[in-house]
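To start, the structure itself, in structure tokens.
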Amino acid sequence: MFKKYAFSLAMMQPALALAASAAPLSEADYFSEQPVVLSASKLSQPVNRAPAAVTVITREMIEASGFRHLVDVLRLVPGFAVGWAGGNMPAATYLGLSDAFPHWMQIMVDGRSVYNPAYGHTTWRGIPLTLDDVDRIEVVRGPNAANDGLNSMLGTIHIFTRHSATTQGGMGEVAVGDKQFREITMRYGGEVSKGSWRIGLLGREDERHAVPQDHASDLQLNFRGDFAPTLQDDMMLQFGASRGFWMGSNVGQLMDADQHTYYLSGFANLVWKHALGEGREWSLQLQHTFNQNEEAIPLPGPLDPISGNYRTTGSGVQFTYLNMAASEWRTSLSGEFRLNRVNLPALLGRDAYFKDDIFRLSGAVEWSPSNEWVWHAGLMIERHSDTTSTYLSPRLALNWLPSGEHAFRLGVSHGVSAPGLYANNTDIKLTVNGTLYDQLNLSVNQLDAEKINSVELGYLFNKPDWGLNLDVRVFHNRIYDIVDTHYIGVNDPEYINAPDGNGWFTYINKPEVRQRGLEYQVRWHPTPKGWLVLSQTWLSTESAPETGWYPISVPQHTLSFLAAHPVAGINVSLGYYFLDNMRWFEGHFDSKHNRLDLRLSRDWKTSDGKVEAALVIQSLLGQEEESFKNYYQQLFDRRGYLSLKYEFR
């Protein structure tokens, strides 16, 4: 099933030569030792003792990639596919099985969920966050609902921003390039009594595929403050806002070449941690996020125009208690209340807020009877008022570490993804002078949550003397009760009283999809001056007849490769990204990537800081093909940009 790709091995050959003369890394320990992760459970642990597979993307990797958008960095994770529907709707999915609104991955920034409660996806371009703010990204590959709740069915992306104490002084960067790309980033940080702070501003304008619905511009502002009022207390305060003007549709209803969106989002996040001593602590998190979309959807006469306007809010409070005092036992207990509210009149049928009260209680136990064995048990209990249902998401895992170099992991888990407020309440109709003309979509069923049962076997090899880390994962997923559209005709015996005498689409639960996969990631730091990262995934997908088109939405093979080194004082990095043929749901053509990127940079020290100039050339091998609903064959062709950055104290 898992075919060997000669090209993948061939890519290793230039990497070895590059690594031999590479520049020092500030995170050298990361490549020589097992990194400590926080995302697999609320208990910090080295990756070889974690209950799930975790990929860590460091700042060095982000900078070496040359990417300017946060979502593109996920190409470095095994099994990920990243695509753009126009210039404003990026989508990232793990193991395929998605349209432009992926909702089986939870995305969190410093513990704050950023998913859109209307559609269940993430509006990546609207997150008030720059790549300069990011310290690292931890991606849990596999169900993580036992830790992060619903919408963590296939995994979780945890983004951690830099502590403000590490970004003191100022920074300014200007970047210009092809496809009308222009970006300016400014940051300044300072100190206060018992704390530090940082404020950042980003302005950006670009096109991706050079089509009429492709142009986009953004303005973002964010703040982070870190304070230690006592020796036992740490507090983090964040807030930010983003304003975007994007051509095309942000609700998946593109009807006109001049259609556009005004998008506004903002957030506030407060985290208070208190150390109780002897390895025990508690934390309290308060958060609020809002999103607002203004979008007219013109229709040909005599039809009345419809609106894509919507407003969503998500507010939450979470309390967590950690006990790591005992050498053998470590535990966590967390409780959360969250309120999601959605106002989407044109697509939900009435101008009112739909709301979902969410109550969560989760716990994790880690038992290490010896240095060789680690047992994990986790459980999330979650209740949603929108579905009046209670969901259980358990996970069990066993880690065996026969030596410091080798570790094995066996895990079983069950995850759930609740239908978004959109799927449960859809009511889309066409009218003429306010009178019903045609019912297009109507939710008439009480939908069950989508579910996954997963079994995985992991192997990790760590050889500090070689600077080598290997992470291998074999897994089997059974995904069932999948929410999908279903056409109801006028002669359907169950729905003969159609509102307008015609048929319409509704949402129902459909049978299962099964996936078997093998993935690995190699991180090699062979000398103090060189590093590379190589990831590959092979997938086999089967489905029931009712979901027969799902396998074509899954790439059978993905590969990513990134290496960096200096040549004659110039920092050189090379990235390669391969995506086998896949078709996003409702796409008209296959999407496939065979992309090679190059980044060259040079630093100069100044009396008070440093200056960096960089050149990035993307898609050196030619065009990258993407296709989504409403957006036919889009081509991401060769392009480049120049940047100049000045940092000072």
Side-chain angles (χ1 to χ4, degrees), residues 35-44 56-59 62 70 106-115 127-138 147-149 156-171 187-202 220-242 265-277 279-290 314-322 324 332-338 360 362:
V36 174
V37 295
L38 304 172
S39 302
S41 70
K42 293 181 174 61
L43 302 167
S44 62
V56 181
I57 302 174
T58 66
R59 276 210 58 77
I62 294 172
L70 175 63
Q106 177 73 272
I107 294 91
M108 309 184 83
V109 179
D110 292 321
R112 176 181 63 90
S113 177
V114 296
Y115 80 95
I127 301 175
L129 178 70
T130 70
L131 283 176
D132 178 73
D133 297 325
V134 177
D135 177 60
R136 72 188 187 282
I137 302 172
E138 297 181 8
N147 184 62
D148 293 321
T156 310
I157 300 167
H158 280 264
I159 301 167
F160 297 92
T161 61
R162 293 200 273 177
H163 194 285
S164 58
T166 66
T167 54
Q168 295 297 284
M171 186 277 291
R187 163 178 44 88
Y188 190 82
E191 296 180 347
V192 295
S193 177
K194 298 184 179 181
S196 56
W197 58 272
R198 174 182 70 238
I199 189 168
L201 178 69
L202 176 140
Q220 298 180 355
L221 174 72
N222 63 73
F223 171 89
R224 170 168 173 159
D226 297 276
F227 312 97
T230 72
L231 294 177
Q232 293 79 32
D233 295 282
D234 288 293
M235 302 184 72
M236 178 187 70
L237 172 65
Q238 297 172 303
F239 57 83
S242 176
S265 66
F267 77 95
N269 188 31
L270 174 66
V271 180
W272 176 17
K273 294 183 178 181
H274 179 76
L276 299 171
R280 296 175 297 116
E281 70 175 47
W282 59 258
S283 64
L284 178 67
Q285 181 168 17
L286 305 173
Q287 56 176 284
H288 177 75
T289 302
F290 77 90
S315 304
V317 54
Q318 181 176 9
F319 181 84
T320 301
Y321 173 75
L322 304 179
M324 298 174 284
S332 72
L333 183 65
S334 180
E336 179 182 5
F337 169 74
R338 182 177 181 87
R360 291 173 175 156
S362 65

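Remember, predicted model here, so these are calculated numbers, not experimental data. Residues: numbered from 1 along the sequence shown.
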Taking all heavy atoms of E281 and all of A275, pick out the closest pair and write down the distance.
-> CB-CA, 4.1 Å
Pairwise distance OG1(T320) to NZ(K42) - rounded to 0.5 angstrom | 5.5 Å
Give the minimum heavy-atom separation between N147 and S39, together with the two atoms involved.
-> ND2-O, 3.2 Å
Sidechain-backbone polar pair: R224 side chain, T161 backbone, donor-acceptor under 3.5 Å | yes
Tell me, please, which residues at least two apart from E336 pass salt bridge (Lys or Arg N to Asp or Glu O under 4.0 Å).
-> R360
Could you give me the CA-CA distance, side-chain angles and deciding distance for W197 and Y188, then say whether side-chain contact (heavy atoms from CB on, under 4.5 Å) is met?
-> CA-CA 8 Å; W197 58 272; Y188 190 82; 3.7 Å; yes
Closest approach of S44 to L38 (non-hydrogen atoms, all atoms of both residues) = CB-CD2, 3.2 Å
If you measure from CD on Q106 to CD1 on I157, what distance do you get to the nearest 0.5 Å?
-> 9.5 Å
Kindly write out the residues that satisfy salt bridge (Lys or Arg N to Asp or Glu O under 4.0 Å) with R136, not counting sequence neighbours, or none if the list is empty.
-> E138
With sequence neighbours left out, write down each residue that passes side-chain contact (heavy atoms from CB on, under 4.5 Å) with A165, or none if nothing qualifies.
-> H163, S196
Flag the pair I159 / L70 as yes when at least one side-chain heavy-atom distance between them is below 4.5 Å, and no otherwise.
-> yes
Check whether any side-chain heavy atom of L322 sits under 4.5 Å from a side-chain heavy atom of L43, and report yes or no.
-> yes
How close do D110 and Q285 get, heavy atom to heavy atom, and via which atoms?
-> O-NE2, 3.2 Å
Going by the side-chain hydrogen bond (donor to acceptor under 3.5 Å, both in side chains) test, name the single residue among R338, H288, Q287 that passes it with S315.
-> H288
Who are the ring-ring contact (aromatic ring centres under 6.0 Å, His included) partners of H274, not counting sequence neighbours?
-> W282
Can you tell me how far CZ of R59 sits from CZ of R162, rounded to the nearest 0.5 angstrom?
-> 4.0 Å
Listed partners of F239 passing ring-ring contact (aromatic ring centres under 6.0 Å, His included), at least two apart | F223
Among side-chain atoms of T167 and R198, is any donor-acceptor pair under 3.5 angstrom?
-> yes
Might you point out which heavy atoms bring L221 and G200 nearest each other, and give the distance in Å?
-> CD1-O, 3.3 Å
Y321 and L276, any side-chain heavy atoms less than 4.5 Å apart | yes
Which residues satisfy the side-chain contact (heavy atoms from CB on, under 4.5 Å) test with T130, sequence neighbours excluded?
-> D132, D133, L202, Q220, N222
State the OG-CH2 distance between S283 and W272, to the nearest 0.5 angstrom.
-> 11.0 Å
Give a yes or no answer on whether the side chain of Q168 reaches the backbone of S164 with a donor-acceptor pair at less than 3.5 Å.
-> yes
Enter the distance from L286:CG to L270:CG here, rounded to the nearest 0.5 Å.
-> 5.5 Å
Distance (rounded to the nearest 0.5 Å) between M235 CE and D226 CG = 11.0 Å
Please report the shortest heavy-atom distance between D148 and M108, naming the atom on each side.
-> OD1-SD, 3.8 Å
Does the side chain of K194 come within less than 4.5 Å of F227's, by heavy atoms?
-> no
